[in-house]
**Q** 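Structure in structure tokens, see below.
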Number of protein chains: 4
Amino acid sequence: MSESPIPPVSLRGRPRSQRAERAILEATTQLLEEGGFVALTMEEVALRAGVGKATIYRRWPTKGMLAFDAFLAQFLARQPLPDTGTLRGDLLAALRAWIRTVNGTVTGRTLVGLIAEVQRDPALADVWSDRFVRPVRDQHRVMIERGVDRGEIPPGADPDIALDLLFGSAYHRLLQSHLPLSDRFAQVVVDTVVSGMAGGPR
Amino acid sequence: MSESPIPPVSLRGRPRSQRAERAILEATTQLLEEGGFVALTMEEVALRAGVGKATIYRRWPTKGMLAFDAFLAQFLARQPLPDTGTLRGDLLAALRAWIRTVNGTVTGRTLVGLIAEVQRDPALADVWSDRFVRPVRDQHRVMIERGVDRGEIPPGADPDIALDLLFGSAYHRLLQSHLPLSDRFAQVVVDTVVSGMAGGPR
Amino acid sequence: MSESPIPPVSLRGRPRSQRAERAILEATTQLLEEGGFVALTMEEVALRAGVGKATIYRRWPTKGMLAFDAFLAQFLARQPLPDTGTLRGDLLAALRAWIRTVNGTVTGRTLVGLIAEVQRDPALADVWSDRFVRPVRDQHRVMIERGVDRGEIPPGADPDIALDLLFGSAYHRLLQSHLPLSDRFAQVVVDTVVSGMAGGPR
Amino acid sequence: MSESPIPPVSLRGRPRSQRAERAILEATTQLLEEGGFVALTMEEVALRAGVGKATIYRRWPTKGMLAFDAFLAQFLARQPLPDTGTLRGDLLAALRAWIRTVNGTVTGRTLVGLIAEVQRDPALADVWSDRFVRPVRDQHRVMIERGVDRGEIPPGADPDIALDLLFGSAYHRLLQSHLPLSDRFAQVVVDTVVSGMAGGPR
DNA sequence: GCGTAACCGAGACGGTACGTCCCGTCTTGAT
DNA sequence: ATCAAGACGGGACGTACCGTCTCGGTTACGC
């Protein structure tokens, strides 16, 4: 699943302990569950994992990187690429899966914490783009392209804006908490976007 | 604009110094400009404002609250309530104003930092809701309601979801930085949402 | 007993409140009882006395001065000038009175705290000399002089060194707590000093 | 001379830096010289020693303990155990050495500050007893015992009271500053005490 | 089968910022 | 001019973590 983010400098010498790596990620997940990104301190991770702090820093350069790896495994495992035969069906399935993954969950809280961290740590921002945003969007974009192929929306439609509308509005409710991420919300959002894209350049 | 966040408990005793309050907010703004939310330390604010730390804590219980007050004044001053005569015109004007305010600006970076901070500080979350999210949405919702009155979109349309689509997608690009907050983006988003809401229950 | 240490600057305007003065000294005594000189803070005195801090500073320039006034009243009331007819009797009575006053009492602990404070506050040191050390020594020296008059010790004896031996050893046990201020201690000290002074220049 | 006051809990991990320890004690001594116990702040010690505050607290739990260690090294190095062949000679040599060490010196001022500190910090009081008062008295008591062995004073004489008279009177002049710690003072005190002890139960 | 290089847990290191406490002064409106 | 109240600028406190470093000890590869 999640492999060593920083590979050993050399192949000589004592190899990295897999046990330590597992223990670190488990401790990280546990701390994220207990108190979110704020409660995640390297000191406490080391303590709980029974590991020296240097052993953590040897693998993950920053707290953000560590949390990212713990988060990503949990997140990706829950994002299917639906193939229901209709654009509406695909988008609704994907949006519902996303909501299920983040709404009221540790994964959701971690996602929010990481979004914040990404703003201040440029190195994390790169990793965030390359290993989270881009892959997830690439996967989701497939649904739009299939809709175009099926003629459900015109070829001129901008798939990126479609994704921004769909998931941006969902991220918005996750981050601002002003209104619930209900199933009705998912349905109306999908309907409105599909309808808007279809009839866009009417 | 920005009033005393925590009013004095009593009317007796020496009144709070307005000079100190101004100096604190100015130092805060300056630090936010220089290094964003991360670089904002109470210690440095006190130093630059020529103020004891206790004088800050007397008014703002946390760094988040302080940054919020400094942010809010700057943000609200730039969000007009457009009245162009058409739904499309109003929404486009509002979205463009928002983008202008946050895209590549200190205000935008502070907004992001605060969104993160809000997730971890429940007291700040309340203030964030009451004094930022709700007022801004209430103002924006007026545009949708005028569109309904003019018959541009049907009465059944959910104005909150319309706002989530419009601004959620914009917040998404601000926070994930995967694609630019271009003017074309604003136009397509507005067109798609207006069209989607109009033809929704066709 | 203890009068206003700093008289009003002028006789015009509102006169100083005697109620405030009493309340301050009572609060001071109470705090000295509870936690000694360390626990004595101007803030807490003002709070308990129901008095503004400025009202205290108008009368006592420092914490040491305030504690000194609260201490002196209690101390002096308990130091008699014995007149038993013999040098030994007088000295023993005086030493016993001193021990009774300070051994295990708040007055004793305050005395120690003040001795420390005196070292760092030159203004307090002056007051300490003029209003505590000198008067008490002058009173005690009378006993020695009566002993000389009675022929119990030779005229060449240095009364100051006699007092230093008597009370210095007692202060020593009070401050170092290495051995108790027992009555036997008092007796042996008096006997040794009287005998030493008598036979000094044999 | 002065050993690590709080030994590491465990032998594992990075060992305590001797360089840091030396630097801390030097900075402490320097600050005590400049402004006495009052001017001694942990913050300034850390700054001058080029050390984090935690590094100080790891070894010395309080300011008093730190000052004590810095003081003790200086003090003990200057207290000889005289052996002149007569009680009077020994006591005079010891008292003169003590006066030389504390009269008008940094060591003397620190001694006074510590005596005050001892009254308020029970943990320091224990250390003060065990590592200062007791050892010094034990050393001094030897002189008395040799006097008894030589028949200069009777076996019934209480050596502790003899020490209290000798050094108590000297501490008294140090702390109250009412009269100087002159050499005449030392001579008369020693003569009086020796004579008093000798002729006590005449 | 032996040296050695990289690892391991532990914990100390210099440093930054925190939020609190108290100092002695100052500023109100009200006697 | 003084009162109670309480805010002011300032200094130091003791704590929490940061990311780095230094120990003695442990693998496991390549000579």
Side-chain angles (χ1 to χ4, degrees), chain A residues 8-17 19-20 23 40-47 49-58 61-63, chain B residues 8-17 19-21 23 40-47 49-59 61-63, chain C residues 8-17 19-20 23 40-44 46-47 49-59 61-63, chain D residues 8-17 19-21 23 40-47 49-59 61-63:
Chain A
V9 174
S10 155
L11 291 163
R12 300 181 45 177
R14 176 174 174 175
R16 296 236 175 117
S17 156
R19 190 223 132 255
L40 184 70
T41 72
M42 298 306 242
E43 211 113 275
E44 186 66 19
V45 170
L47 189 67
V51 141
K53 285 203 282 176
T55 302
I56 306 178
Y57 283 107
R58 209 170 282 123
T62 62
K63 184 159 73 171
Chain B
V9 176
S10 156
L11 292 158
R12 297 193 298 187
R14 178 174 175 176
R16 297 262 171 93
S17 156
R19 188 224 134 254
E21 195 150 321
L40 184 68
T41 72
M42 298 305 240
E43 209 118 88
E44 186 66 20
V45 171
L47 190 66
V51 141
K53 281 202 281 179
T55 300
I56 306 178
Y57 283 108
R58 209 170 280 126
R59 293 167 168 77
T62 63
K63 187 158 69 172
Chain C
V9 174
S10 156
L11 291 164
R12 298 181 46 178
R14 176 173 172 176
R16 293 231 176 123
S17 155
R19 190 221 133 255
L40 184 69
T41 71
M42 297 307 241
E43 211 114 274
E44 187 65 19
L47 189 67
V51 140
K53 284 203 283 176
T55 301
I56 306 178
Y57 283 107
R58 209 170 282 124
R59 292 167 169 77
T62 63
K63 184 159 73 170
Chain D
V9 177
S10 158
L11 291 158
R12 297 193 297 187
R14 178 174 176 174
R16 298 261 172 94
S17 156
R19 188 224 135 253
E21 195 150 323
L40 184 68
T41 72
M42 299 304 239
E43 209 118 88
E44 187 65 20
V45 171
L47 190 65
V51 141
K53 281 201 280 178
T55 300
I56 306 177
Y57 284 108
R58 209 170 280 125
R59 293 167 169 76
T62 62
K63 187 157 69 174

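Lettering follows sequence order; numbering is per chain, from 1. Note that the structure is a prediction, hence the values are computed from the model and not measured.
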**Q** Rounding to a whole Å, what distance do you find between B:R59:CZ and E:dG19:P?
**A**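 The distance from CZ of B:R59 to P of E:dG19 comes to 17 Å, rounded to the nearest Å.
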**Q** Would you mind reading off the distance between D:I56 atom CD1 and E:dC13 atom P, rounded to a whole angstrom?
**A**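 Between P of E:dC13 and CD1 of D:I56: 11 Å.
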**Q** With DNA chain E as reference, determine whether D:E43 or D:S17 sits nearer its 5' end, using the nearest nucleotide of each.
**A**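 Upstream on the strand: D:S17.
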**Q** Would you kindly give the CE-to-P distance between D:M42 and E:dG15, to the nearest whole Å?
**A**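 Rounded to the whole Å, the gap is 17 Å.
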**Q** Does any N or O in the side chain of B:K53 come within less than 3.5 Å of the main-chain N or O of B:A46, such that one atom is a donor and the other an acceptor?
**A**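 No: the side chain of B:K53 does not pair with the backbone of B:A46.
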**Q** Between atom CZ in D:R16 and atom C1' in E:dG11, what is the gap in whole Å?
**A**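 Taking atom C1' of E:dG11 as the reference, CZ of D:R16 is at 10 Å.
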**Q** Indicate whether OP1 or OP2 belonging to E:dT31 is found under 4.0 Å from a side-chain N or O atom of B:R12.
**A**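 For B:R12, the contact criterion (side-chain N or O under 4.0 Å from OP1 or OP2 of E:dT31) is not met.
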**Q** Which heavy atom of C:A20 sits nearest a heavy atom of C:R59, and at what distance?
**A**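 Nearest pair, atom of C:A20 first, then C:R59: CB-NH2, 4.4 Å.
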**Q** Quick check on DNA chain F: between B:A49 and D:P15, whose nearest nucleotide comes earlier from the 5' end?
**A**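 So the residue in question is B:A49.
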**Q** Among F:dA4, F:dC3, F:dC18, which nucleotide has an atom closest to any side-chain atom of A:Y57?
**A**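 Side chain of A:Y57 sits closest to F:dC18.
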**Q** Using the side-chain heavy atoms of B:T55, tell me which of these nucleotides is nearest: F:dC13, E:dG19, F:dC8.
**A**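 Nearest listed nucleotide: F:dC8.
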**Q** Please find the pair of heavy atoms, one from B:G50 and one from B:R19, that lie closest to each other, and give the distance.
**A**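 Looks like O-NH2, 4.2 Å.
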**Q** Choose from E:dG14, F:dC8, E:dC8 the nucleotide whose nearest atom is closest to any side-chain atom of D:A20.
**A**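 Side chain of D:A20 sits closest to E:dG14.
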**Q** What is the distance, rounded to the nearest whole Å, between atom NZ of B:K63 and atom C1' of E:dC18?
**A**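 To the nearest whole Å, that distance equals 9 Å.
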**Q** With heavy atoms under 4.0 Å as the rule, sort C:A46 into base, sugar-phosphate or nothing.
**A**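 If one applies the 4.0 Å heavy-atom cut-off, C:A46 turns out to touch nothing in the nucleic acid.
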**Q** Start at the 5' end of DNA chain F and walk down; is the nucleotide closest to D:T41 or to B:R14 reached first?
**A**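 Taking each residue's closest nucleotide, the earlier one in sequence belongs to B:R14.
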**Q** Between D:G50 and C:T62, name the one whose nearest nucleotide on DNA chain E is closer to the 5' end.
**A**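 It is D:G50 whose nearest nucleotide is closer to the 5' end.
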**Q** For A:E44 and E:dG11, give me the distance from atom CD to atom C1', rounded to whole Å.
**A**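 Computing the A:E44:CD to E:dG11:C1' distance gives 15 Å.
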**Q** What closest approach, in Å, do B:M42 and B:K63 show between heavy atoms, and which atom pair accounts for it?
**A**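 It is CE-N, 3.8 Å.
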**Q** Please give, in whole Å, the distance from F:dC17 P to A:L47 CG?
**A**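 Rounded to whole Å, this separation is 11 Å.
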**Q** At less than 3.5 Å, do the side-chain atoms of B:K53 and the base atoms of F:dG10 form a donor-acceptor pair?
**A**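 Between F:dG10 and B:K53, which were checked side chain against base, a qualifying N/O pair under 3.5 Å is absent.
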**Q** Using only side-chain N and O atoms of B:R19, determine if any of them is under 4.0 Å from OP1 or OP2 of F:dG9.
**A**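 Yes, because at least one side-chain N or O of B:R19 sits under 4.0 Å from OP1 or OP2 of F:dG9.
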**Q** Ignoring backbone atoms, establish whether C:R58 has a side-chain N or O less than 4.0 Å from OP1 or OP2 of E:dC26.
**A**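 For E:dC26, neither OP1 nor OP2 has a side-chain N or O of C:R58 closer than 4.0 Å.
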